[in-house]
Amino acid sequence: MSEPGLRIVDLHCRVAGKEILKGIDLAVEPGKVHALMGPNGSGKSTLAFSLTGHPQYEITQGSARLDGEDLLALAPDKRARAGLFLSFQYPAAIPGIKVANFLHAARQAVRPGDLAPAKFRALLMEKMDVLGMDPSFMGRYLNDGFSGGEKKRLEMLQLAVLAPKYAVLDETDSGLDVDALKDVCDSLTALRAGDEGRGAGFLIITHYPRILQYITPDVVHVMIDGRIVMTGGHDLADRIEREGYDTIREEIAAIA
Amino acid sequence: MLKTPDSVAGEELRERLSAFDDDAFTGERRSLALERFFTTPSGRQRPGPYWKIDIETLSPSPPSIAKASGSVLIDNSNARLIACDLATAAREHPALLGRALGATRVQATKFGALATAFQNAGVFVYVPADAATDEPVVITYNAPDGASLFPYTIVLAERGARATVVERLEGGAEAFVCGATEIVTGEGAEITYAGCQQLAASARVVQTRAALPGRDASVAWACAELGAGLTITDLSVAIERPGAEARITALFFPKGSQHVDVVSTVDHVVGESTSQTIVKSAAVDDGQARYLGNIRIAPRAQGSDASLRDDALLLSARAHIDSVPALEIGANDVKAFHGATVGALDADQIFYMETRGIERNAAERMIALGFFEPAIAHFPTDALRAVIRTALAAKFS
Ligand SMILES: Nc1ncnc2c1ncn2[C@@H]1O[C@H](COP(=O)(O)OP(=O)(O)OP(=O)(O)O)[C@@H](O)[C@H]1O
Ligand SMILES: [Mg+2]
């Protein structure tokens, strides 16, 4: 039996001919919450895209497994069906595809035939209510003309509807007002407490300790220049908020 | 120099016409129209070297032409409207018919003239003053296999009338269809005319459609060119009365070796008028398409507001879509918008859907179908929109 968890070992990734990830080791166990912090351009989103299989992100070394399954051997849709979810930092807008139809197609793909249409609608309404989303969003085109905050809420709705085994949240909290952040965190909490989401592991990419006050991380990682340079507890997020990344950089340089 | 047809075929066409001395159109109207067909250029350049068909020499084969051909079904549940075949209209409503027949530019065009000469099917729709209906008049033309069908549809709407006409064009393996449509309206009328062409892949079809809205009237063309091996469509609105509005929507999706050539023209002859043209097209396999979008604003048409939106999606390396916007703006106090895109599917959109578990093929199909939605929204009735969506989805099988 293989070890459960989202397990990343020595992952290297090239983008546009340049090595961005230079050996990432990280393991998110079921039910655990990991935070990933790091300065702009350090490679956080690159890690998210590497895991989900973006065609422009070339893995040159290392492995990534989801409950033992080799993620890197799978097409992006198969990774989703294996139980991986990414909340995009910048979700794509797709005019012409209605939110309701899209959510239904996604749920069908990830959890085939498990819900009758009426039940599915009820599920949507319940999740939207937690997220403070108006039902009229269902009839709109996917992310088309959505405000930044509305896009993030829709990412969280998808997370709630798909209930993956592991979710990477790429700056879901960025650009949210106080109320929206609270709604998003309520939705996450509800998901983790519910039947489908219990035992899910989270990798929360963020610049702010704010979200981590609602969803307490078990582990906090710091990524700088394509490497995880420090791993600690909740207090590491507070330290970054206070001191920025300079003291961490100095500390690393001193050790090296 | 007259290129089409050659003189022998021309003689044969003239001979064919001798059987058409009848009811709806006089023999004189027909023979003059046939001569105009011979002498009028199509005005269409061949889009490019990859385009295998010469539009200038396009002509029905004389033996395929017969006076009685095809079938016409008229579905009209509005008691206040007249919707009848052209022969009946000529007998029972000659004065009304006379006000609209030939009132637009249709008969002056090459293929409009051909449609007039051999007209062998047709419908007259009359909407009296202030009559308003939500139930559309549905006309279904069915082209017989191997035959030539010349459907001529005329809509006359009086002041304040509001109606929708849906035209379905079906059948026709190896058929040649050459149709004409004229819309003439009074003040403040609102007419929507939707065409849904689903001929057999071996058919050829040429349509010439022109509208003349009255003062403050609104005319909408919505055309879905889904079938036929060769489709040539000419959609136009001439705004000659102030306050009028023209809306043109076209969608097409050549697949296999289908060829589609669409020209739309809005003539803002007078000012204080608006027009909105929306064209969505995709091509796959060896599908070929050309779209020419004319917006002409005459020097005295101050206060005109015209927009033209044209997006094309290329789904294979050998597919072609040429989009040619042509804005001629003679007045200075006008609003004119033009936006066009030609491209492949967006990789980020595909990836986004894949991360939600949706297979690449399904994602591409959903995105491509979604691309047509802004155009589909302009077609009347849920039933027609469903027909169009189904036909578009079938392009992916
Ligand atoms: N498609 C791409 N083409 C070229 N460079 C890229 C591409 N994607 C990422 N990069 C580069 O890789 C580096 C890491 O980018 P990444 O988006 O992973 O950073 P990040 O840690 O998520 O930053 P932020 O906090 O600003 O979101 C950056 O220098 C970026 O410019
Ligand atoms: Mg990022």
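In the text below, chain A, chain B and the rest are named by the order of the sequence lines, each starting its count at 1. From a predicted model like this one, the values you see are computed outputs, not experimental measurements.
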Practice prompt. Against chain A, label B:Tyr352 side chain, backbone, both or neither, depending on which of its atoms sit under 4.5 Å from a heavy atom there.
Written response: both
Discussion item. Among A:Leu142, A:Asn143, A:Leu86, A:Leu162, which residue has the highest count of heavy-atom pairs closer than 4.5 Å to chain B?
Written reply: A:Leu86
Worksheet item: Do the charged groups of B:Glu354 and A:Arg81 touch, with an N to O distance under 4.0 Å?
Response: no
Practice prompt. Quick one: pull up CZ in B:Phe351 and CG in A:Asp77 and give me the separation to the nearest 0.5 Å.
Written response: 10.5 Å
Fill in: Stepwise side chain to side chain contact (heavy atoms under 4.5 Å, CB included) test for A:Tyr90 and B:Asp348
CA-CA 10 Å; A:Tyr90 305 109; B:Asp348 288 331; over 6 Å; no
Worksheet item: Relative to chain B, which segment of A:Pro164 carries a heavy atom at a distance below 4.5 Å: side chain, backbone, both, or neither?
Response: neither
Discussion item. Once rounded to the nearest 0.5 Å, what's the spacing between atom OH of A:Tyr141 and atom CD of B:Glu373?
Written reply: 4.5 Å
Discussion item. How about CG on B:Asp134, more than 12 heavy atoms from neighbouring residues, nucleotides or ligands closer than 6.0 Å, or not?
Written reply: no
Worksheet item: When only pairs under 4.5 Å are counted, which of A:Leu84, A:Ile94, A:Leu103 shares the most heavy-atom pairs with chain B?
Response: A:Ile94
Worksheet item: With only heavy atoms counted, which part of A:Ala75 is less than 4.5 Å from chain B, the side chain, the backbone, both or neither?
Response: neither
Worksheet item: Got a second to check how far A:Gln108's CD is from B:Ile358's CD1, nearest 0.5 Å?
Response: 10.5 Å
Worksheet item: Under a 4.5 Å heavy-atom cutoff, which of A:Ala109, A:Gly96, A:Pro95 has the most pairs with chain B?
Response: A:Gly96
Worksheet item: Which heavy-atom pair separates B:Gly357 from A:Ala80 by the least distance, and what is that distance?
Response: N-CB, 3.3 Å
Worksheet item: Quick one: of A:Pro91, A:Pro55, A:Ala93, A:Ala92, who has the most non-hydrogen atom pairs under 4.5 Å with chain B?
Response: A:Ala92
Worksheet item: Hey, mind stepping through A:Ile97 and B:Met353 against side chain to side chain contact (heavy atoms under 4.5 Å, CB included) and telling me if it holds?
Response: CA-CA 11 Å; A:Ile97 298 184; B:Met353 295 191 72; 3.9 Å; yes
Worksheet item: Minimum heavy-atom separation for A:Ser87 to B:Arg356, with atom names?
Response: CA-NH2, 4.4 Å
